Structure formats: C-alpha cells, structure tokens
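A, B, ... follow the sequence lines: proteins, then strands. Residue 1 opens every chain. Only this structure's heavy atoms are used, side chains among them; waters, hydrogens and symmetry mates stay out. What you are looking at is a predicted structure, and each value in this text was computed from that prediction instead of being measured.
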2 protein chains.
Amino acid sequence: MAKSLLDQHQLKAVAKLFGLLAEPTRLDILQNLKKTSLSVGQIVDATNAKQSNISKQLGILHDAGLLKRERQGNLIFYSIADPMIFDLCALVCGKLRKDAESQLALIRSLGK
Amino acid sequence: MAKSLLDQHQLKAVAKLFGLLAEPTRLDILQNLKKTSLSVGQIVDATNAKQSNISKQLGILHDAGLLKRERQGNLIFYSIADPMIFDLCALVCGKLRKDAESQLALIRSLGK
DNA sequence: TGACAATATTACTAATTAGCAATATTATGT
DNA sequence: ACATAATATTGCTAATTAGTAATATTGTCA
C-alpha cells in the first residue's frame, strides 16, 4: 500500500473548506442555523454583523454548498446543507476545551 | 437548557484553529508528519515549498500547539502534538469524496 | 402602478499573510 | 577558531478578503 498522501489539488480543496470555517462571522451564522432555518433578517438580528456582510457571507457559504437557499415570499431562508460541519466544530470545540482544562490544571498545580 | 451558542471570543478561537488548516502547505506538512516525526529538511524534500516557507509554517503550527519540536544535534524534528487534526481532515476528505461521487452520479444520469 | 420591505451587489478600504531571497543563528566536526 | 550544514528570521511584495456604506434588485401589497 502506497503512502496515499493528498496531491496539491486535493490539498487545495481541503484547505478551501477549512477556510470557510475560519471566520467567526461565518461560524456564527452556521451555529445559528444549527437548529432551524432562518431568514437573512433573522440571522442579522441573531449576530452583530451588518446586513450587507451577512448577505455576503451567506452567499459565500451557499456558493460553497454548505447552505441551502429557499425563497418564501419576500424572505429568503437559509439552512444547513450538510450537518457534517457540526461534527467538525464539535471536534474543534472539544479540543479547545481539553486544552483549556489541561492549562487550568497546570496553573492549579503550580499555585499549590 | 439555553441556546448554548459560542460567544465572540470562542468563535474567534475556533476560527483560528480552522484557519491553521486552511493552507495547502500547512496541510501538506501535517500529512507528511502523520506517520512519523521528520526533520525540517525532510519536510522540505517531501513538499515542494522552499525552506524558508516551511520553516515559517512549522513555526506557526508549533506556536499554535499543533506540533511538537525536538532538537537532535544539528537537526530539528517536528511531530504531531494532537492527532485530533487527522480526525478533522478525515471528515473533510470524506465529505469532499462524497460530494464528488454524487456529482459523478448526476453527470452519469444526465448522460444516459 | 407605486410605495415599501427584504435581500443582494458594488466599490472601496484596511488588514492579513503566503511566499521568496537574503541573511542570521545555531550546532557540528576538524 | 573556522568552515560547514541545518534551521530561523527579516524585509518585502502580491494577493486575498472581511467589513462597510451606498445602491440595486426583487417581491408584496394596496
């Protein structure tokens, strides 16, 4: 069995997907969409970003296939296209929490 | 139970970690370190990036706590600090593969 | 049709950063 | 001490992009 390393093209694709999750505003949008689909206005209210920025980031996430779009009259509702992203976020959050706990334990042991 | 959304600070931390994985060169370094630790020179040889850039990216990954560093005489060996990152990459790769397969199936059904 | 509300787009600025060549640092062997 | 090899750092440029205000588009209702 060979080494099976990703080639340049594949690395770029993986990097691009991670890049989509590398912005706080986009993560905020995604976590707000975790339970239910929301209109643009609702997302604007739920976050503290401007409408134009939210619209832009929604477009980016939609173009990348992470979000679905559905028009309902005057409103446009966005929803998660692939819940896998929450698995990613859960892993990262778990790691950060674990790191923080070790850090805390270290500090405690020093202060003793 | 409350909504339990991450706050701005936490979102930033998560985004930062994803950002580390959002560069092909860094991903390439990480996948080369998956099986064993390597010296800087070995990593330079394994990738097609220049020494100065590899050194810089190694520094970034090390500062972020994703890599461990160990001097052995004249060489400096880097290794993975937390294998969790490979879980992240596996998830992403799985998604990309699945997406590509659906795409392929779609094309096939159209061409029929 | 016209006013209005929701969303998207445009044009721009400021900030970040990958990559590079050149140079500096650090360790080894003689 | 000196030459050499390995790695790190510095100074720089080009490219990307988040965020914003202003404007355009699209749909609804009267």
Side-chain angles (χ1 to χ4, degrees), chain A residues 6 8-9 11-33 36-79, chain B residues 6 8-9 11-33 36-79:
Chain A
L6 302 184
Q8 293 290 109
H9 188 261
L11 286 175
K12 212 168 160 182
V14 174
K16 188 175 173 183
L17 211 161
F18 278 126
L20 291 169
L21 305 177
E23 284 301 320
T25 302
R26 286 197 287 268
L27 290 175
D28 204 3
I29 290 174
L30 292 172
Q31 74 172 349
N32 275 287
L33 290 174
T36 174
S37 73
L38 294 174
S39 71
V40 178
Q42 288 174 315
I43 297 171
V44 171
D45 291 344
T47 62
N48 50 4
K50 305 288 186 199
Q51 180 269 327
S52 62
N53 193 27
I54 289 295
S55 191
K56 183 198 218 170
Q57 305 306 332
L58 285 171
I60 291 173
L61 291 170
H62 179 259
D63 290 351
L66 294 191
L67 292 185
K68 284 183 291 189
R69 188 168 16 210
E70 188 193 0
R71 169 150 243 146
Q72 233 166 78
N74 218 6
L75 306 178
I76 297 188
F77 284 85
Y78 284 88
S79 57
Chain B
L6 302 183
Q8 292 290 108
H9 189 261
L11 287 176
K12 211 168 163 183
V14 174
K16 188 175 175 184
L17 212 161
F18 278 127
L20 292 169
L21 305 176
E23 283 300 321
T25 302
R26 285 197 288 268
L27 290 175
D28 204 1
I29 291 174
L30 292 173
Q31 74 173 348
N32 275 287
L33 290 174
T36 174
S37 74
L38 293 174
S39 71
V40 178
Q42 290 175 314
I43 298 171
V44 171
D45 292 343
T47 63
N48 50 4
K50 305 290 184 198
Q51 181 268 327
S52 62
N53 192 27
I54 290 296
S55 192
K56 183 198 217 169
Q57 303 307 330
L58 285 171
I60 291 173
L61 291 170
H62 178 260
D63 289 351
L66 293 191
L67 293 185
K68 283 183 292 189
R69 187 165 21 205
E70 187 192 0
R71 169 151 242 148
Q72 232 165 78
N74 217 5
L75 306 178
I76 296 187
F77 285 85
Y78 284 88
S79 58

Nucleic acid contacts of residues 67-74 of chain B, taken as heavy-atom distances under 4.0 Å to DNA chain C: Arg71(B), Gly73(B), Asn74(B)
Stretch residues 56-64 of chain A: residues that reach within less than 4.0 Å of DNA chain C through a heavy atom: none
Atom pair distance, as rounded to whole Å: CG in Asn53(A) and C1' in dT13(C): 14 Å
dA6(C) phosphate, OP1 or OP2, under 4.0 Å from Tyr78(A) side-chain N/O: no
Interface limits on DNA chain D, where chain A has a heavy atom under 4.0 Å of a nucleotide atom: dA18(D) to dT28(D)
Nearest-0.5 Å distance, CZ of residue Phe77(B) to OG1 of residue Thr36(B): 8.0 Å
Those residues of residues 19-30 of chain A lying under 4.0 Å from DNA chain D by at least one heavy atom: Glu23(A), Thr25(A), Arg26(A)
Whole angstrom value for the distance that separates C1' of dA27(C) from CD1 of Ile76(B): 10 Å
Could you list the donor-acceptor pairs under 3.5 angstrom formed by side chains in residues 37-44 of chain B, with sequence neighbours left out?
residue, atom, partner, partner atom, Å
Ser39(B), OG, Gln42(B), N, 3.2
Ser39(B), OG, Gln42(B), OE1, 3.4
Gln42(B), OE1, Ser39(B), N, 2.8

Just list the side-chain donor-acceptor pairs under 3.5 Å for residues 15-30 of chain B, sequence neighbours left out, or say none.
residue, atom, partner, partner atom, Å
Arg26(B), NE, Leu20(B), O, 2.9
Arg26(B), NH1, Gln57(B), OE1, 2.7
Arg26(B), NH2, Gly19(B), O, 3.2
Asp28(B), OD1, Gln31(B), NE2, 2.9
Asp28(B), OD1, Asn32(B), ND2, 3.2

Sugar-phosphate only, base, or nothing, as touched by Phe77(A) at under 4.0 Å among non-hydrogen atoms: nothing
Gap between atom CD of Glu70(A) and atom CG of Leu75(A) - 0.5 Å precision: 11.0 Å
Heavy-atom pair of closest approach, residues Arg69(A) and His62(A): NH2-ND1, 3.0 Å
Gap between atoms CD and C1', on Gln51(B) and dT26(C) respectively (whole Å): 13 Å
